[in-house]
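Below is one structure, written out as C-alpha cells; comments come after it.
Proteins come first, then strands; the chains are lettered A, B, ... in the order of their sequence lines, and each starts at number 1.
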Amino acid sequence: MSRADVAEQVRPVSPLWTFGLLRNELTTTFRRWRTLALLAVLAGVPILVGIAVKIETGDGSSPGGGGGGGPAFISQITNNGLFLVFTALAATLPFFLPMAVGVVAGDAIAGEANAGTLRYLLVAPAGRSRLLLTKYVTVVLFCLAATLVVAVSALTVGALLFPLGDLTTISGTRISFAEGLGRALLIALAVAASLIGVAALGLFVSTLTNSGIAAMATTVGLLITVQILDQIPQLHALQPYFFSHYWLSFADLMREPVYWDELAKNLGLQALYAAVFGSAAWARFTAKDITA
Amino acid sequence: MAPYASDDNTTAGEVDEQRSGRRKAARYVVPVTVMGVAAATIGLVPALADSGDPDLPKITAQQLIEKIAKSDVEQLSGTVKISTDLGLPNLGGLESSLMSGAAGGGEDGSSADPTAKLTELASGTHTLRVAADGPEKQKLSLLENAAEYSLIHNGKDVWGYDSKSNEVYHGTVSQSAKDDRAQQPPALPKDFAEEALKAADDTTSVTVDGTAQVAGRDAYKLLIKPKQSGSTVGAITVAVDSETGLPLKFTLTPAGGGSAVVDAGFTQVSFAEPAASTFDFTPPKGAKVTEEKDAGENSGKDAGKGFGEGLGMDFGKGEAREHAPKSKEAPGKGPEGMKTIGEGWNSIAVFDTGGQGMPSGESAGGDLGGFVDSLGDKVTGKFGSGTVFSTRLVNALMTDDGKVYVGMVTKDALVKAADAAK
C-alpha cells in the first residue's frame with residue numbers, strides 16, 4: 001500500500017467520529033472504579049468539613065478559633081451553608097483536586113501503554129493527534145466533573161446542616177441567595193479552569209513513559225514540588241509562572257465588585273500551560289514508537 | 001493543528017530513517033515556539049502598552065498646584081496599589097505575630113479595628129479599593145488572600161468588616177467630629193497647595209516634570225525635590241490627573257537610590273458614581289460586633305479622619321503633608337523636651353532622654369546586647385560616641401549621653417548636627 005492510499009483512507013473520516021471516540025473515552029474513564037473512588041473521596045471532603053464545623057460550633061463558638069485561621073471562608077459557614085461550597089473548594093484545590101486530575105491525566109496515555117491497549121487504539125483510523133486531543137478533552141471534562149462533585153456535595157451538606165439565605169460578600173455588601181448560587185457556579189468553573197494546566201502537564205508526562213504508575217507519581221510529585229516552591233519567598237520572581245500561583249484567585253469572585261486582575265492572570269497562565277505542554281505532548285506522542 | 005496528521009498512521013520504516021528523525025525533532029519546534037511567543041508577549045506587551053507620555057498643554061508648577069487645589073472630585077472608585085519599603089529589618093512572621101498580639105491582646109481587641117488594620121499598610125505591597133460618593137459615603141477595602149478588610153463610612157456610621165474572621169467594628173462619627181469634617185474638606189486641597197508652595201520657596205524645588213499615563217489617564221508629573229544636600233529624600237513625584245486635578249500617583253524615592261520608599265498609585269480609576277449598595281453595610285448574621293467604646297472614641301475619630309487621607313482622593317495630599325510639612329514645623333513645636341535644629345528637609349529633631357542612652361553591647365551583655373548592636377552602627381565624633389539606627393528614609397542617632405537625633409537626613413548629617421550641638 002502506498003502512502004497516498006493510506007492518506008486517502010484516513011482523510012474521509014467524518015468529524016462525528018471524534019465525538020464517538022470522545023464518548024467512548026468518557027464512558028471508559030468514568031466507569032473505572034479508580035475514577036469513582038477519587039470522586040467519592042472528593043465528595044467526602046465537604047461532608048467532613050461540614051460535620052467538623054457543626055460539632056465545633058455546637059456550643060456557639062466561632063470556627064477557626066475566631067482568629068481567622070483555617071481555610072478561606074470557614075468562619076462564615078455557620079451563618080450561611082453556601083459558604084461551605086467556597087470553603088470546600090478552597091480546601092480541596094491545593095491538593096485533592098489536582099491530585100485526582102494528576103492521576104487521571106497521568107494514566108491517559110501511559111495507562112493504555114501499560115495495559116497493552118494503546119496499539120489497538122491506534123489501529124482505529126483516528127490518528128494519533130485526534131486520540132491525544134480526545135484524551136485531553138476527557139481529562140478536562142474530568143476536572144469539571146470533579147469540581148462539580150465537590151461543589152454539589154458541599155451545597156447539599158451546607159443546606160442540611162446550616163441555614164441558607166442572603167449572604168454577605170467579603171467586601172461587606174449583601175447579595176441575594178440566587179446571586180450567591182450564581183457566584184458559586186462561577187467559582188466552580190474558575191476552579192475547574194485552574195486545573196487545566198495540571199491536566200496538560202499530566203498528559204505530557206503520560207506520553208513520556210509506558211508505566212501508568214510512574215506518570216501519575218511524577219505528575220503528583222511535580223504538583224507538590226511546585227506548591228512548596230511557591231512558598232519560598234526567595235523565588236518570588238519565578239512564582240507568577242507556577243501553575244498553582246493564582247489558584248486562590250477564585251475567591252476574588254466573592255468581592256463586590258469582582259476583582260478580575262488575578263482571575264485573568266490565572267486563566268492566561270492555565271492557557272499557556274495547556275498550549276506549551278499540550279503541544280509538547282503532541283510532539284512526543286506523534287513521533288513516539290509505540291511498542292506496547 | 002497537525003501538519004503531519006496524514007502520516008500519523010505510517011510507520012517509520014516506510015520513509016527514510018534520517019528524514020523521519022528530522023521530522024520528529026521538528027515537531028518539538030511547536031512547544032518551543034509557543035513558549036517563545038509567550039515569553040515575548042510577557043516581555044513586550046507592557047512595553048508596547050506604554051504608549052509613551054501623553055501630549056498635554058504646557059503648565060507651570062504654580063498652575064498645577066492650583067489645579068490640585070481646585071479639584072472637586074466627589075465621586076470615584078478605583079484600585080490603588082501601595083508599596084512601602086522603609087528598609088526596616090525584616091522580622092517576617094515575628095512582626096505580624098507581634099502585631100496581632102498587640103491588636104488582639106486586650107479583651108475588647110477586634111481584628112476589625114481600623115487602627116490595628118491600617119498599620120499593616122506600613123510595609124510591603126498592598127492592593128486597596130476605594131470608592132467615594134460625596135463627603136458622607138466612603139469605602140476603603142484592603143484586599144487580602146481570599147479575604148478582605150473593608151472600612152465603610154456612610155453618614156454617621158463607620159463600619160470595619162474583616163471577612164477573614166467575620167468580625168465587625170462599629171463606630172460613629174460624633175457631631176463635633178462631623179462638624180470639623182464638614183469644614184475640613186474645602187480646606188484640605190488649599191492646605192495642600194499652600195504647603196506645597198511654602199515648601200517651594202527656599203529649601204525645595206517644585207517643578208513640572210513632563211507627563212505620564214497613570215491608570216489609563218493623562219497626568220502631569222509634579223516633582224518636589226529638596227535643594228539642600230544631606231537629606232535622605234531624593235524626590236517626590238505626584239502625578240496629577242490633567243482633567244480633574246486629582247493626584248493619581250505618589251512616589252517617594254530616597255536620595256540613596258534604589259526602589260521607591262513609598263509608591264502609591266491608582267491602577268484603575270473611574271469617576272462615575274459608585275453603586276449605592278457599595279456603602280450599605282449590615283453586620284452579617286453571627287458576626288462578632290465590637291462597638292466603639294467611649295475610651296476608644298478618639299481612635300474612632302482618628303479613623304474617621306485618617307479615612308479621608310487613606311482614601312485615594314487624598315493620599316497624595318496626605319503623604320505630602322506627612323513628609324513635606326515636616327520642614328515647616330517651627331523649632332520647639334514638638335512634644336516636650338524636643339527641639340528641632342536645621343531647616344527645611346534637613347531639620348533634625350532632638351530629644352534629651354536624660355538617661356544613660358542606649359545600653360551598649362557590653363553593658364547589656366549577652367544575646368540582647370548583641371542583638372541591639374546588630375541593629376545599629378557605632379559612630380564616634382566630637383560629641384562622643386553613639387549608635388546610629390538607619391532605615392531607608394529616617395535615621396536616628398542615639399548618643400551615649402542620652403540624646404537622640406532623628407531626621408530624614410544622612411548619617412553624616414546627623415553626626416555633624418550632634419557635633420555642632422556639642
Side-chain angles (χ1 to χ4, degrees), chain A residues 3 6-7 9-11 62 64 66-69 71-73 75-76 78-80 86 90 122-123 125-130 133 163 165 167-174 204 233 241 248-252 254-257 259 261 272 275-284 286-289, chain B residues 1-2 4-10 12 14-15 20 23-35 38 42 77 79 92 100 104 111 127 129 139 141 143-148 150 152 159 161-168 267-268 275 277-288:
Chain A
R3 263 186 81 193
V6 176
Q9 274 182 3
V10 173
R11 283 258 165 77
S62 69
F73 303 115
S75 58
Q76 276 108 321
T78 40
N79 315 313
N80 198 321
F86 312 137
L122 291 176
V123 168
R128 291 188 184 189
S129 305
R130 205 174 306 184
L133 190 65
L167 62 161
T168 305
T169 63
I170 55 180
S171 303
T173 58
R174 290 185 86 76
F204 172 61
Y241 304 100
L248 276 183
S249 67
F250 76 83
D252 290 347
M254 277 306 287
R255 300 190 201 278
E256 183 70 46
Y259 184 62
D261 287 27
L272 179 63
V276 170
F277 287 102
S279 56
W282 169 80
R284 166 73 189 164
T286 51
K288 179 183 176 181
D289 288 336
Chain B
M1 177 184 175
Y4 298 102
S6 61
D7 57 19
D8 276 350
N9 289 354
T10 58
E14 281 184 52
V15 281
S20 116
R23 205 173 279 183
K24 279 178 186 174
R27 293 175 188 226
Y28 286 97
V29 169
V30 180
V32 172
T33 313
V34 172
M35 241 192 289
I42 292 166
S77 55
T79 312
S100 65
S111 66
T127 307
R129 270 187 160 170
K139 179 170 180 174
S141 313
L143 270 58
E144 298 162 354
N145 258 347
E148 194 166 320
S150 313
I152 302 160
W159 295 98
Y161 176 57
D162 182 16
S163 83
K164 195 184 255 173
S165 55
N166 204 27
E167 283 182 16
V168 175
T267 52
Q268 180 259 319
S277 65
T278 313
F279 307 103
D280 287 340
F281 182 78
T282 22
K285 262 185 295 168
K288 183 181 144 200

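Heavy atoms closer than 4.5 Å to chain A are found in the side chain of B:Y161, but not in its backbone. For chain B, the nearby part of A:T169 is the backbone; its heavy atoms alone come within less than 4.5 Å. With a 4.5 Å cut-off on non-hydrogen atoms, B:S141 does not touch chain A at all.
Side chains of B:E167 and A:S75 form no contact here, defined as non-hydrogen atoms less than 4.5 Å apart. By the 4.5 Å heavy-atom criterion applied to side chains, A:N79 and B:N166 are counted as neighbours.
A distance of 10.0 Å separates CD in B:E148 from CD in A:E256, rounded to the nearest 0.5 Å. Atoms OH and OG1, on A:Y259 and B:T79 in that order, are 6.0 Å from each other to the nearest 0.5 Å. Rounded to the nearest 0.5 Å, atoms CG (B:L143) and CG (A:D261) are 9.5 Å apart.
In terms of heavy-atom pairs under 4.5 Å with chain B, the best-connected choice from A:A283, A:P163, A:A251 is A:A283. For chain B, the option among A:P233, A:S171, A:G165, A:A275 with the highest count of heavy-atom pairs below 4.5 Å is A:S171.
Under the ring pair (Phe, Tyr, Trp, His ring centres under 6.0 Å) criterion, A:F204 pairs with A:F277, sequence neighbours left out.
Looking only at distances, no side-chain donor or acceptor of A:R174 sits under 3.5 Å from a matching main-chain atom of B:D280. For the pair A:R255 (side chain) and B:A147 (backbone), a donor-acceptor distance under 3.5 Å is present.
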